[in-house]
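The next block holds one structure in the form of structure tokens; read it before the comments.
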Amino acid sequence: MKLSVLLAPTLKEVPREAEAASHRLLLRGGFIRALSAGVYQFLPMGLRVLRKIEGIVREEMNRAGAQELLLPALHPRELWEVTGRWTTYGDDMMKVKDRTGRDFGLGPTHEEVITNLMAQEVQSHADLPKMLYQIQVKFRDEPRPRHGLLRCKEFLMKDCYSFDATREGAEKSYAVMKRAYETIFTRVGIPFFPVQADPGLIGGSLSHEFIMPSESGEDTVLRCESCDAAVSAMRPDGSPEAAACPACGKDRKKMTGMEIGHIFFLGTKYSSKMHAEFLDADGTRKPIEMGCYGIGVSRLVSAVVEARHDEKGIVWPKSCAPYRAVVVPILMDKPDVIEAAERLYRDLDLAAPGDVLLDDRPARAGVKINDADLVGVPVRVVLGRGVSKGLAEIQERAGQKSREVPLESAVEEIRKIWA
RNA sequence: CGGGGUGUAGCUCAGCUUGGCUAGAGCGCUUGGUUCGGGACCAAGAGGCCCCGAGUUCAAAUCUCGGCACCCCGACCA
């Protein structure tokens with residue numbers, strides 16, 4: 001992609017509203033723009049990051065044996081009345097009426113919808129187990145959206161639901177998902193740790209949050225440094241957890257972080273209310289054992305930036321960078337430089353189709369290089385004076401210093417970095 | 001929902017206290033020129049419902065009242 005045609009409006013100055021590092025950098029880098037409080041537009045580069053993270057999540061879900069589907073965002077009120085959550089979820093759910101006055105909710109989560117589906121489709125223990133997931137826009141009427149993509153009224157979420165015939169099977173599904181989550185966050189490239197958590201409004205008996213340590217986070221956890229066990233600093237009843245680790249007795253440290261994933265063992269909480277039952281081998285009808293597993297995909301974008309930035313801008317991990325490399329010709333009046341840049345761009349684009357940027361803008365060197373640092377593409381190739389000696393300058397965004405390589409081996413060198 | 005703050009050019013902001021000239025600066029944008037390896041310089045331009053509404057006044061960006069929006073802290077929340 002040529003930067004001259006890409007909608008990637010970088011900002012030199014920080015928009016007034018941005019406070020958190022990820023919020024500032026995503027705005028400045030031209031990844032996102034606000035439409036309203038907690039409602040964001042993903043510009044082309046922002047969407048590319050979102051899609052890459054989505055791709056990692058999708059691969060790991062599929063690998064874990066989950067099947068992708070797509071459920072509606074518009075939920076009829078009656079469905080939520082069955083579980084009582086039309087009332088208990090309350091104002092956190094966006095509610096709308098159709099032209100006849102019928103009530104609908106914009107889905108904040110999908111237990112009702114998917115349990116209803118499975119109630120219709122599952123007859124026998126032979127139909128189980130099943131794991132189903134979707135990557136979809138969710139709506140939650142947050143009383144206070146904040147920090148850009150961190151907490152939004154509309155956001156992209158991966159939600160997965162497991163359906164098992166037995167409690168043991170359901171616990172196994174839970175464990176499979178927990179492992180998949182660990183793989184996902186590792187691949188995305190952010191630090192994290194699991195925490196025993198409060199099941200909250202989703203409900204159920206067992207639940208883990210995945211926390212990324214960050215000052216911008218909203219969660220406080222107690223973490224034991226010797227055995228790594230961690231819990232929410234507040235228990236459901238509001239009383240603070242004791243400072244000593246129950247596992248090893250050592251002191252625990254209070255720290256803040258952001259929740260990047262949450263998994264719940266649900267048991268039969270929804271299935272029994274919604275009559276999602278199956279006929280077991282022994283001839284009795286039983287409610288399905290369920291679990292649900294969420295990752296805020298759009299929130300992950302800001303989590304990555306919180307974890308991976310420096311004073312110059314974003315330092316995208318290779319796995320979710322909007323582009324894998326950017327070619328930056330900085331002597332725009334030198335035909336050999338232009339020509340070398342276009343050739344290198346074509347060759348790199350052949351190696352990573354659609355994943356390479358060419359900064360063909362007629363801008364000054366400083367502007368281009370600062371933009372490249374801000375946007376945070378992992379590999380930058382500067383073409384300037386060195387071109388007359390057949391040299392290109394490769395700089396890894398995460399690295400310290402650049403190095404010069406012969407133009408003809410530049411593609412090969414960059415492929416090594418990508419590998 | 002409680003507390004605090006902010007709404008003036010695309011962005012960052014000054015002007016408001018003490019009402020009055022044609023509403024400003026920097027950055028960005030357009031055109032021309034000089035520059036050209038780390039956010040250049042000179043010149044000429046374009047760009048405004050001073051958040052909205054009602055009031056006070058000869059006169060309101062400025063004062064009063066009411067609303068709306070956005071940000072931060074808290075409550076709540078995955």
Side-chain angles (χ1 to χ4, degrees), chain A residues 9-20 23-24 27-28 30 33-39 88-93 107-111 138-148 150-153 155-160 181 195 197-204 207-212 216-220 232 234 236 238 257-264 292-300 303 312-313 328-334 337 359 361-375 380-388 391-393 395 402 404:
Chain A
T10 54
L11 302 171
K12 206 190 290 190
E13 281 172 301
V14 189
R16 176 212 303 281
E17 72 261 23
E19 185 101 338
H23 191 194
R24 300 158 74 98
L27 285 170
R28 284 193 56 212
R33 289 292 184 262
L35 180 62
S36 173
V39 182
T88 56
Y89 215 97
D91 288 339
D92 287 345
M93 181 155 56
T109 179
H110 283 245
E111 284 80 13
K138 293 283 190 281
F139 298 89
R140 291 185 191 175
D141 195 355
E142 291 298 335
R144 191 184 150 209
R146 64 185 95 181
H147 297 164
L150 209 65
R151 182 166 218 81
C152 287
K153 290 192 181 226
F155 60 100
L156 194 69
M157 184 174 184
K158 184 284 301 178
D159 49 323
C160 180
Y181 272 41
V195 171
D198 171 13
L201 270 181
I202 307 286
S207 148
H208 282 88
E209 273 179 64
F210 290 82
I211 298 287
M212 185 188 86
S216 300
E218 304 171 297
D219 291 30
T220 308
S232 266
M234 279 301 179
M258 68 171 75
E259 178 185 351
I260 50 177
H262 204 152
I263 60 179
F264 302 85
C292 72
Y293 317 90
I295 290 180
V297 179
S298 47
R299 174 182 284 183
L300 262 192
K312 291 178 176 175
V328 188
I330 55 174
L331 294 174
M332 297 302 283
D333 56 343
K334 297 270 197 296
V337 169
D359 192 348
R361 298 174 302 170
R364 299 173 64 82
V367 172
K368 290 186 176 189
I369 289 169
N370 281 314
D371 267 356
D373 285 343
L374 173 62
V375 165
R380 179 181 85 201
V381 194
V382 170
L383 297 180
R385 284 185 194 125
V387 169
S388 59
L391 294 173
E393 185 181 321
Q395 163 94 61
S402 63
E404 294 206 304

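As a basis for the values below, the full set of heavy atoms in this structure was taken, side chains included, without hydrogen atoms, waters or symmetry mates. All values derive from a computational prediction rather than experimental measurement. Each chain gets a letter, A, B and so on, in the order its sequence line appears, and its residues count up from 1.
By the 5.5 angstrom centroid cut-off and the 30-degree plane limit, Phe155(A) is classified as stacked against the base of A78(B).
Residue Glu259(A) places its side chain closer to A78(B) than to any other of U12(B), G39(B), A78(B). Here the nucleotide nearest the side chain of Ser36(A), chosen from C72(B), C76(B), C70(B), is C70(B). Looking at the side chain of Arg146(A), the nearest of the listed nucleotides G39(B), G38(B), C72(B) is C72(B). Nearest nucleotide to the side chain of Ala37(A), out of G26(B), C72(B), C71(B): C71(B). Which of C70(B), A75(B), A78(B) sits closest to the side chain of Arg144(A) comes down to A75(B).
Looking at every heavy atom in both residues, His262(A) comes nearest to Ser207(A) through NE2-OG, 2.7 Å. Taking both residues in full, the closest heavy atoms of Ile260(A) and Ile295(A) are given as O-CG2, 3.7 Å, listed atom of the first, atom of the second, then distance.
Regarding contacts with the backbone of G39(B), every side-chain N or O of Arg364(A) stays at 4.0 angstrom or more from both OP1 and OP2. Checking the phosphate oxygens (OP1, OP2) of C13(B), a side-chain nitrogen or oxygen of Arg16(A) falls inside 4.0 Å. Applying the 4.0 Å criterion to OP1 and OP2 of G28(B), one finds that Lys12(A) has a side-chain N or O inside that range. Neither OP1 nor OP2 of C27(B) sits under 4.0 Å from any side-chain N or O of Arg28(A).
For the C1' atom pair drawn from G45(B) and A69(B), the interatomic distance equals 33 Å after rounding to whole Å. Going from the C1' atom of A59(B) to that of G2(B) covers 40 Å, rounded to whole Å. With both ends at atom C1', the span from G19(B) to A61(B) equals 10 Å, rounded to whole Å. Taking atom P on both C27(B) and A23(B), the two are 23 Å apart, rounded to the nearest angstrom. Nucleotides G28(B) and A40(B) are separated by 15 Å at their C1' atoms, to the nearest Å. Nucleotides U18(B) and U62(B) place their C1' atoms 10 Å apart, quoted to the nearest Å. Atom name C1', nucleotides U56(B) and C65(B): the rounded distance is 11 Å, in whole Å. Atom name P, nucleotides A44(B) and G38(B): the rounded distance is 28 Å, in whole Å.
Atom CG of Leu374(A) and atom C1' of G39(B) are 11 Å apart (whole Å). Rounded to whole Å, the distance from NZ on Lys153(A) to C1' on C70(B) is 12 Å. Atom-to-atom, NZ of Lys368(A) to P of A40(B) comes out at 13 Å; the value is rounded to the nearest Å. In this entry the distance linking CE of Met332(A) with P of A40(B) reads 16 Å, nearest Å. Taking atom CD on Glu404(A) and atom P on G37(B), their separation rounds to 15 Å, with Å as the unit. Summarising the geometry, the separation between CG on Asp373(A) and C1' on G38(B) is reported as 9 Å, rounded to the nearest angstrom. To the nearest angstrom, C1' of A75(B) lies 16 Å from CG of Asp141(A). Here the P atom of nucleotide C70(B) and the CG atom of Leu27(A) are 15 Å apart, to the nearest Å.
Across all strands, Gly386(A) comes closer than 4.0 Å to base atoms (heavy-atom distances). If you check every strand for non-hydrogen atoms under 4.0 Å, Gly296(A) touches nothing. Here Glu142(A) lies in heavy-atom contact (under 4.0 Å) with a base. Within the 4.0 angstrom heavy-atom criterion, no nucleotide atom of any strand lies near Arg24(A).
With Lys368(A) contributing its side chain and Pro362(A) its backbone, the two residues share no donor-acceptor pair below 3.5 Å.
In terms of position on RNA chain B, the residue among Pro15(A) and Arg385(A) whose nearest nucleotide sits closer to the 5' end is Pro15(A). Taking for each of Asn370(A) and His23(A) the nucleotide of RNA chain B with the nearest heavy atom, the 5'-most of the two is the partner of Asn370(A).
A heavy-atom distance below 4.5 Å is found between the side chains of Arg140(A) and Thr109(A).
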**Study point:** Pair Val367(A)-Asp371(A), side-chain contact (heavy atoms from CB on, under 4.5 Å): steps then yes or no
**Key:** CA-CA 6 Å; Val367(A) 172; Asp371(A) 267 356; 4.3 Å; yes

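Figure legend. A59(B) is base-paired to no nucleotide; pairs are counted as Watson-Crick or G-U wobble with both atom distances under 3.5 Å. Across every strand in view, U12(B) sits in a pair with A25(B) that passes the Watson-Crick or G-U test at under 3.5 angstrom. Searching all strands for a Watson-Crick or G-U wobble partner of G32(B) with both distances below 3.5 Å returns C42(B). Pairing for A69(B) goes to U6(B), judged as Watson-Crick or G-U wobble with the two contacts each under 3.5 Å. Remark: C1(B) base-pairs with G74(B); criterion is Watson-Crick or G-U wobble with both hydrogen-bond distances under 3.5 Å. Both distances falling under 3.5 Å, in either a Watson-Crick or a G-U wobble arrangement, place U64(B) opposite A54(B).
Atom CG of Asp91(A) has 12 or fewer heavy atoms from other residues, nucleotides or ligands within 6.0 Å.
Distance CG/Leu300(A) to CG/Leu150(A): 10.5 Å, rounded to 0.5 Å.
For Glu13(A) against G26(B), a side-chain N or O and a base N or O form a donor-acceptor pair under 3.5 Å.
The aromatic rings of Phe210(A) and Tyr181(A) lie tilted to each other, with the angle between the two planes from 30° to 60°.
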